[in-house]
There are 2 protein chains.
Amino acid sequence: MADAVTPRDDDYAQWYQDVVRNGQLAENSPARGCMIIKPNGMALWENMRDQLDQMFKDTGHENFYFPLFIPERFLEREAEHVEGFAKECAVVTHSRLKTDEEGDLIPDPESELGENYIVRPTSETLIWDTYSKWIQSYRDLPLLYNQWANVVRWEMRTRLFLRTAEFLWQEGHTAHATKDAAVDEAERMLDVYETFAEEYMAMPVRKGRKSERERFPGAVNTYCIEALMQDGKALQAGTSHFLGQNFAKAFDCTFTDENNEETHVWATSWGVSTRLIGALIMTHSDDQGLVLPPKLAPHQVVIVPIYFDDEQEGDVLPVCEHMQEELEDRGIRVKMDDDQTESPGWRFTEHELRGVPVRLALGPRDLGNDVVEVARRDTQEKETVPQDGVVDHVEDLLDDVQQNLYDQAQERQETYTHVVDDYDAFKEVINEEGGFVWAHWDGTEETEARIQEETSATIRLIPFDRDEDDPGEDMVTGEPSEGRVLFAQAY
Amino acid sequence: MADAVTPRDDDYAQWYQDVVRNGQLAENSPARGCMIIKPNGMALWENMRDQLDQMFKDTGHENFYFPLFIPERFLEREAEHVEGFAKECAVVTHSRLKTDEEGDLIPDPESELGENYIVRPTSETLIWDTYSKWIQSYRDLPLLYNQWANVVRWEMRTRLFLRTAEFLWQEGHTAHATKDAAVDEAERMLDVYETFAEEYMAMPVRKGRKSERERFPGAVNTYCIEALMQDGKALQAGTSHFLGQNFAKAFDCTFTDENNEETHVWATSWGVSTRLIGALIMTHSDDQGLVLPPKLAPHQVVIVPIYFDDEQEGDVLPVCEHMQEELEDRGIRVKMDDDQTESPGWRFTEHELRGVPVRLALGPRDLGNDVVEVARRDTQEKETVPQDGVVDHVEDLLDDVQQNLYDQAQERQETYTHVVDDYDAFKEVINEEGGFVWAHWDGTEETEARIQEETSATIRLIPFDRDEDDPGEDMVTGEPSEGRVLFAQAY
């Protein structure tokens with residue numbers, strides 16, 4: 001039996017760990033900072049991946065795969081990029097191990113590499129070096145490519161899914177003939193992320209662009225979606241970067257345009273990672289464990305047959321199997337849990353902890369009454385439903401659960417979004433309640449840094465469309481502000 | 001326009017490179033020995049992956065994901081394993097880069113790791129360390145898991161897909177309560193590989209087990225499928241290992257059995273990689289470039305509309321689009337190539353080089369006659385087909401192409417399989433004709449090594465069922481042989 005889940009109010013960080021562990025999602029590994037993604041976690045990630053992949057293909061992208069290793073000299077080519085990543089990268093320096101005189105395994109000094117490789121923290125450099133060979137003319141553009149890959153950013157303080165040294169992600173890398181085409185692409189992919197977060201993860205997000213301080217190293221502009229977690233902290237759930245011509249210039253990637261002039265190529269990159277699983281957990285889960293939205297749950301329905309002897313088994317099991325078939329015919333992902341070494345109660349709890357959206361239970365008494373017990377994970381409500389309508393009922397219920405999870409999260413986001421004008425009020429809200437805070441900012445990095453130092457809050461985003469906002473005065477300095485920006489403490 | 005393909009007979013190695021390049025499958029990268037898998041190659045790999053993944057799930061397996069990095073000390077735990085992999089692994093020794101006094105980027109000496117990590121060449125060690133925590137009782141068994149991952153084995157001489165430092169693969173890792181259960185699993189997964197190779201890749205294979213010399217480091221027995229390439233060399237296309245209790249002992253992984261006794265767990269592992277793409281190329285492709293079996297081809301059909309003015313476009317294009325819709329309704333993967341910046345001839349050649357199994361072309365004259373030109377890639381035959389039956393025709397044709405590719409390869413394998421009793425005859429066959437050679441072997445590593453040294457041929461497999469074979473005498477030493485084994489030069 002799984003361990004109990006610590007209530008959120010007692011210890012939120014422990015609650016998160018308990019949900020991950022009891023949900024059978026992941027665990028820490030002996031490779032420091034790297035996680036083991038367990039089958040339930042991997043099935044969840046595969047559902048997320050497959051859905052996103054379809055959305056990328058529907059917007060004209062194809063997948064490719066670039067190497068894990070980036071030659072050191074490539075990283076140096078874009079100044080901000082190397083500054084951003086040099087301090088947290090795994091460096092490969094040798095290609096062989098040998099046994100030393102004391103019998104210990106050591107890197108063979110003779111295998112020292114002439115040039116070191118770093119394990120990719122992201123692949124812009126290697127990809128733009130190659131794009132400079134692939135692109136000659138405007139007719140080669142746009143290039144609309146993506147890769148699913150593992151990346152490494154050395155982290156000392158890690159938390160499963162939220163911050164790990166190795167994580168899984170996708171990185172889109174596109175090349176365009178004009179600035180407008182690249183900006184459109186970056187915005188289009190942010191919209192894809194927003195749609196995925198809201199319609200599939202049932203997680204409402206805010207969209208906008210980052211301040212210069214929070215930008216991706218090497219980007220002209222970073223667009224983002226931000227979600228609000230249950231503890232009042234924000235989580236950056238996806239980013240899309242307009243890279244301008246920075247990487248094209250660093251890697252000398254030019255093309256001949258329609259007027260026969262040589263121009264640098266315009267670029268975007270965009271990515272989401274297994275961090276989204278952390279966001280999903282902290283958006284929907286409760287003190288009973290993991291809660292998953294039906295559209296992404298590895299199993300949408302679990303069926304628990306209940307019987308205590310062979311005769312009952314002969315009655316109960318065929319009815320359960322028939323339900324399973326009918327549900328699967330509708331494309332619903334069903335698990336039959338007929339593990340008779342565990343009690344029905346144990347199995348109920350197990351699937352609650354795993355976040356299965358709907359549970360059907362059927363025992364001898366239900367059989368006599370031609371009913372099934374239907375329990376939904378989100379509200380934990382149970383009801384008794386006639387057997388002959390159960391498939392339609394479950395199909396509707398899955399839609400209800402998906403919608404209810406979104407509505408709950410949306411309501412919470414609204415409740416915990418504040419508008420403040422005064423720095424004292426800002427500090428009070430940030431420290432006591434948390435949540436999103438709209439406030440005026442004078443646009444300087446100094447003020448931004450000061451606010452972070454004093455409150456741990458950062459600018460999560462600057463809204464795209466500030467026309468509706470009245471200009472105002474910075475809550476800290478009183479200097480003019482072009483409009484409110486969104487602050488929060490963040491993961 | 002793509003470059004020409006060197007004929008196989010002129011220069012087989014160059015032919016292979018030309019097919020890979022013109023097929024837009026992959027290219028070399030600046031990270032030595034690592035390849036860039038291009039969109040056409042990646043789409044092919046994704047089709048292979050999705051099919052295999054379904055077959056793994058149908059046999060009861062789930063996916064998980066283990067870290068990229070393996071602590072050095074883990075590798076040491078299994079003696080043969082470390083012996084096998086220590087000489088070709090990427091070693092991570094630092095976690096940060098810094099700029100030195102001369103402005104060069106170097107590994108920051110202060111970031112030197114207390115314990116080095118190696119980039120996984122395979123994951124048995126990390127996984128079995130974890131299994132020792134996951135497994136307590138016989139009720140925890142079996143564990144039937146797989147992962148899709150990148151791995152690194154440092155190689156100095158690389159060839160795209162066939163031998164690269166980084167490659168993509170899957171590695172299954174299962175744990176069982178009994179020896180028989182583990183052996184059954186290893187055999188079952190070999191059968192899955194055989195089915196995949198023959199039914200999807202249209203590539204006939206031979207099944208058997210490896211000699212001790214060719215075994216996976218740490219395995220008790222390695223089972224394999226071997227295919228014969230067009231140049232008469234064999235290629236190991238998949239392996240499944242019965243690991244006995246070796247890794248369980250190295251990582252102290254025991255369980256309490258039904259009699260309450262503590263026993264070491266029995267293990268298997270099994271894998272196939274992007275190497276299969278190399279096998280696919282060398283099984284079917286020809287002097288016109290890549291040939292792909294319909295079941296795995298990224299696009300099964302390409303439609304090339306032909307017109308020279310707007311009026312013709314208005315006539316031709318809607319008919320082509322209608323065909324595309326009808327084909328896609330049958331689940332056929334179709335590409336419409338309406339690129340009017342290239343001539344029809346150029347587009348024909350381009351899709352030939354990319355191995356698209358069936359091409360449909362339709363121009364103004366075909367329209368008047370209510371026909372479509374249908375060309376099959378394998379035989380390069382063209383025919384004129386009435387428009388109203390074309391969808392049924394194409395569906396049948398795809399089956400025909402799939403079957404014909406298998407039949408051709410099967411016929412070639414039979415033609416180039418020899419049975420010899422005499423070492424001189426053996427040498428002559430191996431050197432002049434190549435192919436598979438059945439010959440008697442005395443079972444010693446010495447003889448095996450001598451044959452390899454003198455002929456470059458190795459024992460590809462020992463058949464599972466040797467009862468039918470008469471015992472005989474080793475062709476080299478004259479010592480007793482229990483039965484014939486299969487020799488070939490190999491990739």
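Only a predicted model underlies this, so the values are computations on that prediction, with no experimental measurement involved. Naming convention: chains lettered A, B, ... in sequence-line order (proteins, then strands); numbering from 1 in each chain. Below, each value reflects all heavy atoms present in this structure, side chains not excepted, and no hydrogens, waters or symmetry copies.
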Region of [X] that comes under 4.5 Å of a non-hydrogen atom in chain A:
X	answer
B:Glu27	side chain
B:Arg32	both
B:Tyr117	side chain
B:Asn116	side chain
B:Ile70	neither
B:Thr341	both
B:Pro39	both
B:Phe74	side chain
B:Ile118	side chain
B:Trp45	neither
B:Glu115	neither

Item to check | B:Arg96 bridged to A:Glu88 by N-O distance under 4.0 Å | outcome: no

Checklist entry - Looking at B:Glu155 and B:Arg163, does any basic side-chain N land under 4.0 Å from a carboxylate oxygen? => result yes

Checklist entry - Which bit of A:Tyr145 is near chain B, if near means a heavy-atom gap under 4.5 Å: side chain, backbone, both or neither? => result side chain

Item to check | Toward chain B, the part of A:Gln147 with a non-hydrogen atom under 4.5 Å | outcome: neither

Checklist outcome for this item: So NZ of A:Lys57 and NE2 of A:His61: to nearest 0.5 Å the spacing works out to 12.0 Å

Checklist entry - Distance from A:Phe66 atom CZ to B:Ile37 atom CD1, nearest 0.5 Å? => result 10.5 Å

Hey, which of [options] has the most heavy atom pairs under 4.5 Å with chain A?
options	value
B:Leu105, B:Val92, B:Thr93	B:Leu105
B:Ser29, B:Cys34, B:Ala90, B:Pro30	B:Pro30
B:Lys98, B:Arg139, B:Glu62	B:Arg139
B:Ala31, B:Ala26, B:Ala43	B:Ala31

Checklist entry - Looking at A:Trp154, does the NZ or CZ of A:Lys87 lie under 6.0 angstrom from its six-membered ring centre and within 45 degrees of the ring axis? => result no

Item to check | B:Trp169 six-ring face occupied by B:Arg153 cation (under 6.0 Å, within 45°) | outcome: yes

Next on the checklist: Do B:Arg120 and B:Asn150 pair up side chain to side chain, a donor and an acceptor below 3.5 Å, judged on atom types alone?
Outcome noted: yes

Checklist entry - So, do A:His81 and A:Phe247 have ring centers that fall under 6.0 Å from each other? => result yes

Checklist entry - Would B:Phe255 and B:Tyr138 count as a close aromatic pair, with their ring centres under 6.0 Å? => result no

Checklist outcome for this item: Most contact-rich option vs chain B, by heavy-atom pairs under 4.5 angstrom, among A:Ala149, A:Ala86, A:Ser95, is A:Ser95

Item to check | Exceeds 12 heavy-atom contacts within 6.0 angstrom, atom CZ of B:Arg275 | outcome: yes

Checklist entry - With side chains defined as the heavy atoms from C-beta onward, is the minimum distance between A:Asn63 and A:Trp148 less than 4.5 Å? => result yes

